[in-house]
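Quick notes on the structure that follows.
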There are 2 protein chains.
Amino acid sequence: MATIKDVAKLAGVSIATVSYVINNTKPVSPETRRRVLEAIAKLDYHPNVIARSLQGRRTNTIGFVISSQVRRLSDPFYLELISGIADEAANQGFHILFSICPAETLEEVELYRELVKTGRVDGLIIPDTRLNDPRLTFLLEEDFPFVTFGRSDKEKDFPYVDVDGFTGIYLAMEHLISSGHSRIAFIGMPSELVCAGHRLNGYKAALSEYNLPFDQNLVVEGDLTQQGGYRAMRELLALEPPPDAVVVCSDLMAFGAINALREQGLKAGKDIAVVGFDDIPMAAHFNPPLTTIHQPIYEIGSRLIKMLTTILNGDELEEKHIILEPSLVVRQSSISNG
Amino acid sequence: MATIKDVAKLAGVSIATVSYVINNTKPVSPETRRRVLEAIAKLDYHPNVIARSLQGRRTNTIGFVISSQVRRLSDPFYLELISGIADEAANQGFHILFSICPAETLEEVELYRELVKTGRVDGLIIPDTRLNDPRLTFLLEEDFPFVTFGRSDKEKDFPYVDVDGFTGIYLAMEHLISSGHSRIAFIGMPSELVCAGHRLNGYKAALSEYNLPFDQNLVVEGDLTQQGGYRAMRELLALEPPPDAVVVCSDLMAFGAINALREQGLKAGKDIAVVGFDDIPMAAHFNPPLTTIHQPIYEIGSRLIKMLTTILNGDELEEKHIILEPSLVVRQSSISNG
DNA sequence: CTGTTAGCGCCTTCAT
DNA sequence: ATGAAGGCGCTAACAG
């Protein structure tokens, strides 16, 4: 592999001069520049990024870790998010170091510590903030640059992008209530997630606003998998009387719930209204097409990267906290003549 | 951030000694080792991987690039693959540098060149080999370590993992034919993919073996999206007479095809048998559950990494070419009483 | 068993 | 406008 020395020798100049033309960091005479450029082209020389990183203390790499625990990686939701992250990172000239944390094997914070302490990445994107999140505690303590998808439950201050889950669920509830439903169940998220609380609050607030009673039996915690949605729905169907509608905190779980319905000869929409959350691409193509709360997943990914790269470049953040408003997309799973 | 110097100073030894205990590369007296370890712990010292890489010409990083062109990233297939890759990479002590190639913006080979020439990664995983694949030409020329998912159309020699698509489709055809279908359509993959040819051959071979005529009208090229499957199926339904069964080269496209069926009041299984390919997690949970050709996607990912790390470690590959056999999973989309 | 030292490839003052 | 030299953090001869 050609190095800066090879270029210098071939061009008959010093390595410093080569560096100057590569980085445009000092004036170089046109003639010298031409010779250097020619040598670079001839050798197909590309500056070694490792050496550059060592020298400049920057790797131009952003870390992104998914813990296989919380949200199963097989959720298309993640693909959307990763797409947004990877695309925008490429735009900004950054690379993505991607890891999955095998929950059982390794203490999660240890993985983060490794990434931070070994200088492998310049900054981190943290998805799915949790209650008392040890990752945040660690990163804040280390004063390491990061941006999260999701707020904190504590009085901690850090940049984040989040979706207003409260309003999202509230919208779903209003849609259901105005359609005449009154016994509305809720399939939530793992309670350690910060957003789980916001959404549950949206559920409760809507009930209260419309003078509907809160029934703890109608609230089930899901695990964000299709299987989990299926199981939760079966639990709900065993209730006496069963609910006449259900708000589900992820589309994948909603798919599972609809399967549980069908298994009992019930039809989503006609017999029990179902509303999901996320609006993954497949939601529109499901049978029946899924009414859901749309969150701009891809955009979230790209916003996260924009914020982080702004920080890494030493620029001032215009907004440190971004809350995006979700919207209701009505399809057939919540409509009785659907 | 603590460096090896800090540790050396605190422990009262030279940096070489610290290096020896970190890497177990030379004998060190128990007492000295203890002091060094203590200093390391006290400073929470972690060797800088960038410096290590520069020194040892290794980054312990493997690159994985998806081109947004061929297979839409939103295909859950990729998530499975990435999971296998990332998990196994973690096992082997490697990190994954993940990129999406924005087809329009950048020449794909340029992205690979950047990765290779700048020394950012030690090796590459190449998915979806194509006819006359310029990526392979480049990497072979550079003599850069890589393993592909998919064979080559040319007489090129490189390590790969592939699934026997010929047999996969053949199995699907036998299943359909033995169920009494005779007018069987085929929704294929973008023809620049090497595996597209294998699969089409499996289709033709089965027809020929069972004395069924080949009808070009029954063959449609899909783009691996759900939308594409939908469009292809509509084309097929416009035929006179329409097919009585269809083999689809990805589950996602099969989902789209089934939607097209339903839109016409037709039921997959009852009216037209549908068989997919991939067996993504959602296949079992679709309505109707999708009969499909199972390929061990996650395992493929981990095999790819195992092979590549073997190469990177300078060890001999046991098998340079791995062809995995797919299997038929019969569910309801291909059964008339389903 | 431990320390000194020479780079790895690059950027960057400081001279010239 | 160009070059010489030091150093980023670490490893690996080579000495002692």
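Just so we're on the same page: letters track the sequence lines, and every chain starts at 1. We use all heavy atoms of the structure for the numbers below, so side chains are in, but hydrogens, waters and symmetry mates are not.
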Atom pair distance, as rounded to whole Å: [atom1] in [X] and [atom2] in [N]:
| X | N | atom1 | atom2 | result |
| --- | --- | --- | --- | --- |
| B/Arg120 | C/dC10 | CZ | P | 14 Å |
| A/Arg34 | D/dA1 | CZ | P | 17 Å |
| B/Ile50 | C/dC11 | CD1 | P | 14 Å |
| B/Lys9 | D/dC10 | NZ | C1' | 17 Å |
| A/Lys117 | D/dG9 | NZ | P | 14 Å |
| B/Leu43 | D/dG9 | CG | P | 14 Å |

Selected nucleotide, minimal atom distance to B/Val28 side chain, candidates C/dT2, D/dG3, C/dG3: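 Within the option list, the nearest is C/dT2.
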Would B/Lys156 and B/Thr137 count as having a side-chain donor-acceptor pair, cut-off 3.5 Å?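 Distance-only check passes for B/Lys156 and B/Thr137.
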A/His321 and A/Asp157: side chain donor to acceptor below 3.5 Å: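 A/His321 vs A/Asp157: donor-acceptor pair found between side chains.
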[N] phosphate, OP1 or OP2, under 4.0 Å from [X] side-chain N/O:
| X | N | value |
| --- | --- | --- |
| B/Thr3 | D/dG9 | no |
| B/Lys5 | D/dC10 | no |
| B/Thr17 | C/dT2 | no |

Would you check if the distance from the ring center of A/Phe149 to the ring center of A/Tyr160 is below 6.0 Å?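 Distance test on ring centres: not under 6.0 Å, no.
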Remember a base hit wins even if backbone is also touched, and classify B/Thr32 as base, sugar-phosphate or nothing at under 4.0 Å, heavy atoms.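 Contact class for B/Thr32: sugar-phosphate only.
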Can you tell me if A/Lys9 has over 12 outside heavy atoms packed within less than 6.0 Å of its NZ?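 12 or below, so no.
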I'd like to know whether CD of A/Glu31 has more than 12 heavy-atom contacts from other residues, nucleotides or ligands below 6.0 angstrom.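 Counting neighbours around CD of A/Glu31, more than 12 heavy atoms of other residues, nucleotides or ligands fall under 6.0 Å, so yes.
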Under 4.0 Å protein heavy-atom contacts per nucleotide of nucleotides 11-16 of chain D, with B for base, S for backbone only and - for none: BBBBB-
Quick one: do A/Arg35 and A/Glu38 make a salt bridge, cutoff under 4.0 Å?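 Not counted as a salt bridge, because no side-chain N and carboxylate O are separated by less than 4.0 Å.
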So does B/Asp44 pair up with A/Arg113, basic N to acidic O under 4.0 Å?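 The answer is yes: the pair qualifies as a salt bridge.
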Nearest-nucleotide wise, let me know which of A/Leu54 and B/Pro27 is further upstream toward the 5' end of DNA chain C.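 The residue mapped nearer the 5' terminus is B/Pro27.
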